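Given the structure is predicted, the values throughout are model-derived calculations rather than measurements. Numbers for residues simply follow the sequence, beginning at 1.
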Amino acid sequence: MNFKLDDKLEFQILMIGNKAVRKAQKDSLKKGIPNVYCKEGVLYFQFPDGTITTEIPGIYKKMEESQYVEFFEEINNIPEIKEFKLIEPPDGVEADISLKIKLKSDINRWKAQEKIQNVRWKYSKLDNPITLYIEFEQ
């Protein structure tokens with residue numbers, strides 16, 4: 001097969017991406033988090049034991065999709081918060097939602113954290129609370 005330079009680069013990028021996805025899938029299964037695949041518009045969930053199902057696992061049911069929008073709107077409306085962004089949690093930290101938060105000046109961080117936790121509990125289910133990781137930006 002005769003590759004052009006662009007073809008070689010695209011192939012290399014695809015191979016690197018595929019390797020990263022396989023590693024992430026393996027890591028998820030080690031943590032007990034089912035992998036998700038979509039085929040012809042149907043979601044399939046693969047569990048660490050190899051079982052595959054179309055039934056949505058509990059870990060993905062913590063909040064309905066529309067509730068995430070409401071959750072983030074409420075976080076955004078906390079008066080003490082200047083801005084926030086979604087982040088990846090540090091290695092070894094398992095969290096449903098990870099946020100980096102920048103507070104307005106002269107704000108009590110603990111008061112802001114209390115309000116954030118109140119929003120978290122509002123959207124948590126009693127038997128399956130949302131885990132939240134927060135970093136405050138200086």
Side-chain angles (χ1 to χ4, degrees):
M1 179 180 261
N2 291 331
F3 282 118
K4 296 181 283 186
L5 181 58
D6 287 345
D7 292 337
K8 288 180 183 177
L9 179 60
E10 288 173 20
F11 180 75
Q12 288 173 325
I13 291 169
L14 186 60
M15 294 305 292
I16 291 167
N18 285 341
K19 186 176 179 180
V21 167
R22 284 191 300 277
K23 181 183 182 312
Q25 289 172 329
K26 189 176 178 180
D27 291 346
S28 290
L29 291 174
K30 280 182 186 175
K31 294 177 182 176
I33 301 168
N35 287 325
V36 183
Y37 303 93
C38 183
K39 184 175 181 181
E40 297 176 9
V42 178
L43 292 177
Y44 295 89
F45 301 90
Q46 176 195 20
F47 288 85
D49 68 1
T51 304
I52 296 175
T53 182
T54 56
E55 186 175 332
I56 300 171
I59 193 165
Y60 293 114
K61 290 182 178 179
K62 291 196 179 203
M63 282 196 287
E64 299 298 326
E65 188 175 325
S66 63
Q67 287 182 304
Y68 280 100
V69 173
E70 295 169 16
F71 174 85
F72 292 123
E73 283 176 356
E74 285 199 43
I75 295 291
N76 195 48
N77 288 329
I78 293 174
E80 291 83 357
I81 295 177
K82 182 175 183 178
E83 62 185 40
F84 75 92
K85 62 182 174 181
L86 288 170
I87 60 168
E88 287 292 322
D91 287 342
V93 174
E94 293 185 32
D96 299 312
I97 300 172
S98 301
L99 301 173
K100 185 169 217 166
I101 296 174
K102 186 171 188 175
L103 298 175
K104 294 177 181 173
S105 59
D106 300 324
I107 294 297
N108 180 321
R109 183 168 111 175
W110 301 111
K111 187 173 179 93
Q113 183 148 350
E114 180 182 18
K115 290 181 180 183
I116 293 164
Q117 293 300 336
N118 287 339
V119 172
R120 175 180 80 96
W121 282 111
K122 177 179 176 182
Y123 289 92
S124 288
K125 295 181 179 176
L126 278 176
D127 62 337
N128 203 4
I130 296 165
T131 56
L132 187 61
Y133 172 81
I134 302 171
E135 284 182 10
F136 286 98
E137 195 172 300
Q138 299 297 333

- [ ] Just do the side chain to side chain contact (heavy atoms under 4.5 Å, CB included) check on L103 and I81 with the steps written out, would you?
- [x] CA-CA 4 Å; L103 298 175; I81 295 177; 4.1 Å; yes
Task: Residue pair R109, I101: steps toward the side chain to side chain contact (heavy atoms under 4.5 Å, CB included) verdict - done: CA-CA 10 Å; R109 183 168 111 175; I101 296 174; over 6 Å; no
- [ ] Check the pair F72 / I97 against side chain to side chain contact (heavy atoms under 4.5 Å, CB included), numbers first and verdict last.
- [x] CA-CA 10 Å; F72 292 123; I97 300 172; 4.0 Å; yes
Task: Stepwise side chain to side chain contact (heavy atoms under 4.5 Å, CB included) test for L43 and I56 - done: CA-CA 8 Å; L43 292 177; I56 300 171; 5.8 Å; no
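Of the inter-residue distances, the one linking K100 atom NZ with E88 atom CD reads 13.0 Å to the nearest 0.5 angstrom. Atom OG of residue S98 and atom CG of residue L132 lie 7.5 Å apart, to the nearest 0.5 angstrom. Going from atom CG of L99 over to atom CD1 of I75 covers 6.5 Å, rounded to the nearest 0.5 Å. Between atom CG of residue N118 and atom CD of residue Q113 there is a gap of 11.0 Å, rounded to the nearest 0.5 Å.
No chain of hydrophobic side-chain contacts below 4.5 Å, direct or via other Ile, Leu, Val, Met, Phe, Trp or Tyr residues, connects Y133 to F136. When the side chains of ILVMFWY residues are joined at heavy-atom separations under 4.5 Å, either directly or via intervening members, I87 and I116 end up in two distinct hydrophobic clusters. When hydrophobic clusters are built by joining Ile, Leu, Val, Met, Phe, Trp and Tyr residues whose side-chain heavy atoms come closer than 4.5 Å, directly or via intermediates, I134 is grouped together with L86.
At a cut-off of 3.5 Å, with distance as the only test, no side-chain donor of Q46 or Y44 sits close to an acceptor on the other residue.
Using a 4.5 Å cut-off on side-chain heavy atoms (C-beta onward), T53 and F47 make contact.
Residues S28 and N35 approach most closely at CB-OD1, 3.7 Å, considering heavy atoms. The nearest pair of heavy atoms linking F45 to P34 is CB-CB, 4.5 Å. Contact record, L29 with P48: O-CG, 3.4 Å, taken as the closest heavy-atom pair.
Each of K115, K111, K104 was compared with E80 under the salt bridge (charged side-chain N to carboxylate O under 4.0 Å, His left out) criterion, and only K115 meets it.
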Run the side-chain donor-acceptor check on residues 12-27: report pairs under 3.5 Å with partners two or more places apart or on a different chain.
unit_1 : atom_1 : unit_2 : atom_2 : d
N18    : ND2    : L14    : O      : 3.4
K23    : NZ     : D27    : OD2    : 3.0
Q25    : NE2    : Y37    : OH     : 3.3

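Using a 30° and 60° split on the angle between ring planes, Y123 and F71 fall in the perpendicular class, above 60°.
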